[in-house]
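Heads up: the structure comes next, in structure tokens.
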Amino acid sequence: MRIVTFRKIQEFSEQHPEVKSALQDWYHKTSRAKWYSLSDMKNTFGTSDYAGNNRFVFNIKENHYRLVAIVIFASQKVYIRFLGTHAEYEKINCSSI
């Protein structure tokens, strides 16, 4: 997969250094993956979930953080739309960000 919005990971890691290694792990696993469906994604990240409108949710650092991304399986691209704490995630509508 090609992660188009890597800068969001960099910026979030600078603000929240405690999550940096978990985000690096997510990045490396995702960039090496070839996903063609949610089931492929779940083989890499068992707790990933579909949120509607091509948005998928990933638990980061034992569910303390959430990452929401648009995943386009056909073009093998990932666009990060949200990265935040679990509490911040509870306040958003994933399918519209």
Side-chain angles (χ1 to χ4, degrees):
M1 302 299 291
R2 181 171 172 241
I3 302 164
V4 178
T5 49
F6 178 68
R7 177 171 271 232
K8 288 188 179 195
I9 291 175
Q10 290 175 313
E11 291 170 355
F12 194 81
S13 294
E14 289 172 8
Q15 295 171 356
H16 303 273
E18 71 280 3
V19 75
K20 184 176 183 174
S21 66
L23 285 172
Q24 287 175 336
D25 182 57
W26 179 88
Y27 174 80
H28 290 298
K29 286 180 180 177
T30 301
S31 62
R32 288 186 295 231
K34 291 194 184 231
W35 298 329
Y36 299 99
S37 66
L38 176 59
S39 63
D40 293 336
M41 187 185 301
K42 283 190 170 279
N43 287 334
T44 308
F45 299 106
T47 60
S48 58
D49 233 345
Y50 182 63
N53 200 20
N54 290 329
R55 270 76 169 170
F56 295 84
V57 180
F58 299 88
N59 295 325
I60 306 293
K61 195 175 182 209
E62 300 172 4
N63 206 23
H64 289 96
Y65 296 88
R66 293 279 178 98
L67 185 151
V68 178
I70 296 173
V71 178
I72 309 297
F73 296 115
S75 62
Q76 295 288 291
K77 291 183 182 172
V78 176
Y79 300 87
I80 299 169
R81 303 297 296 155
F82 170 83
L83 187 52
T85 65
H86 192 115
E88 292 168 334
Y89 167 81
E90 293 295 326
K91 297 176 184 174
I92 66 167
N93 179 355
C94 291
S95 64
S96 66
I97 59 167

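Because the structure is a prediction, the values reported are computed rather than measured.
- In terms of heavy-atom proximity, Met1 sits nearest to Ile72 at CE-O, 4.2 Å.
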How far apart are the C-alpha atoms of Gln76 and Arg2, what are their side-chain angles, what is the distance that settles it, and do they pass the side-chain contact (heavy atoms from CB on, under 4.5 Å) test? CA-CA 6 Å; Gln76 295 288 291; Arg2 181 171 172 241; 5.8 Å; no

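- Not counting sequence neighbours, Ser75 has no partner by the side chain to side chain donor-acceptor pair (under 3.5 Å) test.
- Each ring-ring contact (aromatic ring centres under 6.0 Å, His included) pair with one or both residues in residues 72-97, not counting sequence neighbours, appears once here: Phe56-Phe73.
- Counting heavy atoms from C-beta outward, Val19 and Ile60 have side chains that approach closer than 4.5 Å.
- When all heavy atoms of Ile80 and Trp26 are compared, the closest pair comes out as CD1-CZ3, 4.1 Å.
- Within the structure, side chain to side chain donor-acceptor pair (under 3.5 Å) pairs that include any residue of residues 4-22 comprise Glu18-Tyr65 (at least two apart or interchain).
- The backbone N or O of Asn93 sits less than 3.5 Å from a side-chain atom of Ser96, completing a donor-acceptor pair.
- The distance from the CG atom of Leu83 to the CD1 atom of Ile9 is 7.0 Å, given to the nearest 0.5 Å.
- Scanning for side chain to side chain contact (heavy atoms under 4.5 Å, CB included) contacts around Arg81 gives Arg55, Ile70, Ile97, with sequence neighbours left out.
- Cluster annotation: Val68 and Val78 are assigned to distinct hydrophobic clusters (Ile/Leu/Val/Met/Phe/Trp/Tyr, side-chain heavy-atom contacts under 4.5 Å, transitive).
- Under the salt bridge (charged side-chain N to carboxylate O under 4.0 Å, His left out) criterion, Lys29 pairs with Asp25, not counting sequence neighbours.
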N/O donor-acceptor pairs under 3.5 Å from side chains in residues 40-47, not counting sequence neighbours:
unit_1: Asp40; atom_1: OD2; unit_2: Tyr36; atom_2: N; d: 2.8
unit_1: Asp40; atom_1: OD2; unit_2: Ser37; atom_2: N; d: 3.4
unit_1: Lys42; atom_1: NZ; unit_2: Gly46; atom_2: O; d: 3.4
unit_1: Lys42; atom_1: NZ; unit_2: Ser48; atom_2: O; d: 2.7
unit_1: Asn43; atom_1: ND2; unit_2: Ser39; atom_2: O; d: 3.4
unit_1: Thr44; atom_1: OG1; unit_2: Trp35; atom_2: NE1; d: 3.0
unit_1: Thr47; atom_1: OG1; unit_2: Asn59; atom_2: ND2; d: 3.2

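- Phe6 contributes atom CZ, which lies 9.0 Å from atom CG of Leu23 (distance to the nearest 0.5 angstrom).
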